Amino acid sequence: MGASMFRGVPWLPLLVIAAVGVCAAGGEAILPFDANELDLGIAFKPPFWLAGGDMTNPLGADNLGRDILSRIMAGSRVSVIVAFYAILFSGGIGAVIGMIAGYFGGWVDTLLMRLIEIQQSVPSIALALILAAALEPGLSTVVVVIVLTYWAWYARIIRGEIMALKGRDYIAFARVAGVGTPTIFVRHLLPNIFNTLVVLATLQVGQVILFEASLSFLGLGIQQPDISWGLMLADARQYITNAWWAITMPGIAIMLTCLSSNIFGDWLRDRLDPQLRQL
Amino acid sequence: MSGFFIRRLLQGVISIIGASMIIFVISRLSGDPILMLLPNDAPTSMIEETRRNLGLDRPLWVQYLIFAQNALVGDFGNSYRWKMPALKLILDRLPATIELAMCGLLFSVAVAVPVGVMSAVHRGGWIDRIGRVFAMLGQAMPAFWVGLLLILVFAIKLNWLPAFGHGSWSQLVLPAISLGWYPVAAQTRIVRSAMLDVLDSDHIRLSRALGTPERLIIWKYALRNAAVPLLTMLGVYFAAMLGGAFVVETIFAWPGVGRTVVEAVFARDFPVVQAGVLFTSILFVMSNLLVDLSYGLVDPRIRNGR
């Protein structure tokens with residue numbers, strides 16, 4: 001361990017992730033401008049390297065003269081919150097179901113696997129559409145949709161791991177020694193799948209961010225006046241001919257964040273759980 | 001052999017029934033459908049009567065059976081907005097969606113096969129490296145943003161291709177690329193690893209030893225074997241295209257199922273949403289079923305064991 005633990009750490013992606021985290025945690029306090037403040041005098045102001053742009057609004061302004069940099073920084077908050085809750089719940093529910101299916105086997109396993117198959121027979125975006133039609137769109141609906149989409153992914157992989165672990169001698173010994181089932185789950189199984197869970201969660205971050213952006217872009221996710229990168233793109237689409245930067249900058253924010261978390265996730269997987277490489 | 005097919009077919013049917021249950025339960029979450037059918041000032045007696053007529057006073061599972069029975073004969077009710085049967089509306093839009101999904105798939109395969117083959121042949125070379133960078137980028141860009149960038153560059157700045165509409169080949173190019181962009185990375189990886197395996201096999205070494213031209217070895221003998229994993233996965237990618245179509249159709253004003261359902265969501269046009277989502281799910285299950293069946297055909301180990 002020690003120094004070798006950090007060998008090959010992808011520093012640049014980590015820096016991007018840290019920056020997104022700081023923006024999300026800092027909230028309004030660290031924004032250059034109020035993200036929803038209108039200033040029609042600087043509407044369609046280009047970024048600093050173009051004629052008419054300057055460092056006051058380095059990434060330019062949108063159709064209502066709102067500072068794009070401030071809005072991107074504010075939008076990171078939604079991405080982080082959605083990613084946190086979506087991963088916590090889909091990972092938690094998926095892990096519990098996967099552990100139960102893998103450990104008990106038999107009809108419990110058959111039933112749960114059928115449930116997973118059924119869940120995966122509805123395309124996730126279609127599930128999101130029908131949920132959004134039924135419930136109020138908003139941050140919690142986005143989280144619900146992502147949890148409903150991803151729990152099965154966790155459950156399937158965790159089930160496989162548990163099935164392999166179950167046959168190990170130490171589990172059999174524990175059972176013979178009279179250790180209760182809940183204790184076996186928490187003390188003996190959970191620590192062994194922990195690395196897998198961490199890797200899956202990291203690899204899911206990018207997908208969650210893309211999913212939230214797509215839903216918000218369609219108008220089914222985050223609603224005004226809350227700020228999300230997908231929603232910014234939906235806005236900017238209306239005046240795509242006037243300000244190309246308004247459609248490029250939030251997209252670059254999405255891309256850099258996803259790229260960084262994917263690269264970091266790959267690195268973590270190679271470190272902690274190389275068997276998951278086929279993912 | 002036939003046991004495998006029947007078992008898998010049965011699983012497909014169960015999946016579709018399950019999907020219809022999910023769709024039914026979620027749409028009932030939105031509240032009483034009666035209130036959407038009748039005017040706000042309808043008298044209580046009229047509400048009660050309609051409720052009885054539609055069977056909405058019965059237990060939920062009976063209601064589901066009524067819904068399933070109607071769905072089986074293709075009756076999802078009339079669209080609130082278009083005043084026509086919801087299923088007909090969806091079926092009318094289906095060809096455009098399939099056209100788009102097919103072209104998206106064609107684009108992704110047309111890029112993935114040559115890049116995958118060249119990455120395997122020149123392993124670690126510049127094509128391999130550039131391919132990997134593009135794959136990382138592809139996985140990090142949402143389809144709708146790719147679509148917007150394409151519109152920005154090719155429709156607005158260069159004015160080469162139209163930004164929306166349906167009918168001519170030129171209108172198909174940008175939507176197909178945005179839809180096919182995302183799976184390119186995964187497909188390239190499949191072709192690359194299959195190619196690496198095949199190039200290492202005995203029959204290819206034998207062909208080399210016999211002096212067969214390298215081009216023939218790579219593009220004919222090796223690719224023919226390496227294409228199998230990709231071919232069997234095509235159903236999965238086609239199914240993924242159907243999901244992606246919801247977003248891409250909306251950006252390019254493509255008159256398909258996806259855009260129709262998205263619009264129906266905003267209009268709270270439930271019959272259309274239900275018909276559209278259930279129909280997409282059926283196509284989705286069928287594509288996945290075809291994949292499994294084709295695996296069974298190719299690999300006897302799968303159809304015999306578990």
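Being a predicted model, the structure only gives us computed values, none of them experimental. Chain letters run A, B, ... following the sequence lines, proteins first, then strands; residues in each count from 1.
Crowding of Phe24(B) atom CZ: a count of heavy atoms from other residues, nucleotides or ligands under 6.0 Å exceeding 12. Counted within 6.0 Å of CZ on Phe134(B), heavy atoms from surrounding residues, nucleotides or ligands total 12 or fewer; the atom is thus considered open. Remark: Trp61(B) CH2 is loosely packed, at most 12 non-hydrogen atoms of other residues, nucleotides or ligands lying under 6.0 Å away.
Here the closest heavy-atom approach between residue Ile240(A) and residue Leu148(B) is recorded as CD1-O, 3.8 Å. Minimum interatomic distance between Leu210(A) and Pro142(B) (heavy atoms only, all atoms of both residues): CD2-CD, 3.5 Å. The shortest heavy-atom contact between Arg237(A) and Thr250(B) is NH2-O, 3.3 Å. Residue Ile26(B) comes nearest to Ile130(A) through the heavy atom pair CG2-O, 3.9 Å, listed as atom of the first residue, atom of the second, then distance.
Atoms CD1 and OG, on Ile116(A) and Ser15(B) in that order, are 11.5 Å from each other to the nearest 0.5 Å. With rounding to the nearest 0.5 Å, the separation of CG in Leu148(A) from CD1 in Ile22(B) is 8.0 Å. One distance of note links CG of Leu233(A) with CG of Leu149(B); it measures 9.0 Å at 0.5 Å rounding.
The candidate with the highest count of non-hydrogen atom pairs below 4.5 Å against chain B, out of Ser260(A), Pro250(A), Cys258(A), is Cys258(A). Of the listed residues (Thr257(A), Leu127(A), Ile252(A)), the greatest number of heavy-atom pairs within a distance under 4.5 Å of chain B belongs to Ile252(A). Of the residues considered (Leu256(A), Leu218(A), Asn262(A)), Leu218(A) shows the highest number of contacts with chain B, using heavy-atom pairs under 4.5 Å. For the options Ala126(A), Gly251(A), Gly206(A), heavy-atom pairs under 4.5 Å to chain B are most numerous at Gly251(A).
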**Request:** Could you please spell out the steps behind the side chain to side chain contact (heavy atoms under 4.5 Å, CB included) verdict for Phe246(B) and Leu220(A)?
**Result:** CA-CA 12 Å; Phe246(B) 284 97; Leu220(A) 300 169; over 6 Å; no
**Asked** How far apart are the C-alpha atoms of Trp145(B) and Ile254(A), what are their side-chain angles, what is the distance that settles it, and do they pass the side chain to side chain contact (heavy atoms under 4.5 Å, CB included) test?
**Response** CA-CA 10 Å; Trp145(B) 190 52; Ile254(A) 295 175; 6.0 Å; no
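You'll find the side chain of Asp266(A) reaches within 4.5 Å of the side chain of Met136(B), heavy atoms only. Looking at Arg114(A) and Gln11(B), their side chains come closer than 4.5 Å, going by heavy atoms from C-beta outward.
Interface residue Leu137(B): backbone and side-chain heavy atoms are both found under 4.5 Å from chain A. With a threshold of 4.5 angstrom between heavy atoms, Leu152(B) approaches chain A through its backbone and through its side chain. Neither the backbone nor the side chain of Ile209(A) comes within contact range of chain B; no heavy atoms are under 4.5 Å apart. Only the side chain of Tyr182(B) comes within less than 4.5 Å of a heavy atom of chain A; its backbone N, CA, C and O stay farther away. Contacts of Leu215(A) with chain B are absent, with no heavy-atom separation under 4.5 Å from either backbone or side chain. If you measure heavy-atom distances from Ile251(B) to chain A, the contacts under 4.5 Å come from both the backbone and the side chain. The contact between Ile23(B) and chain A is made by backbone and side chain atoms together, counting heavy-atom distances below 4.5 Å.
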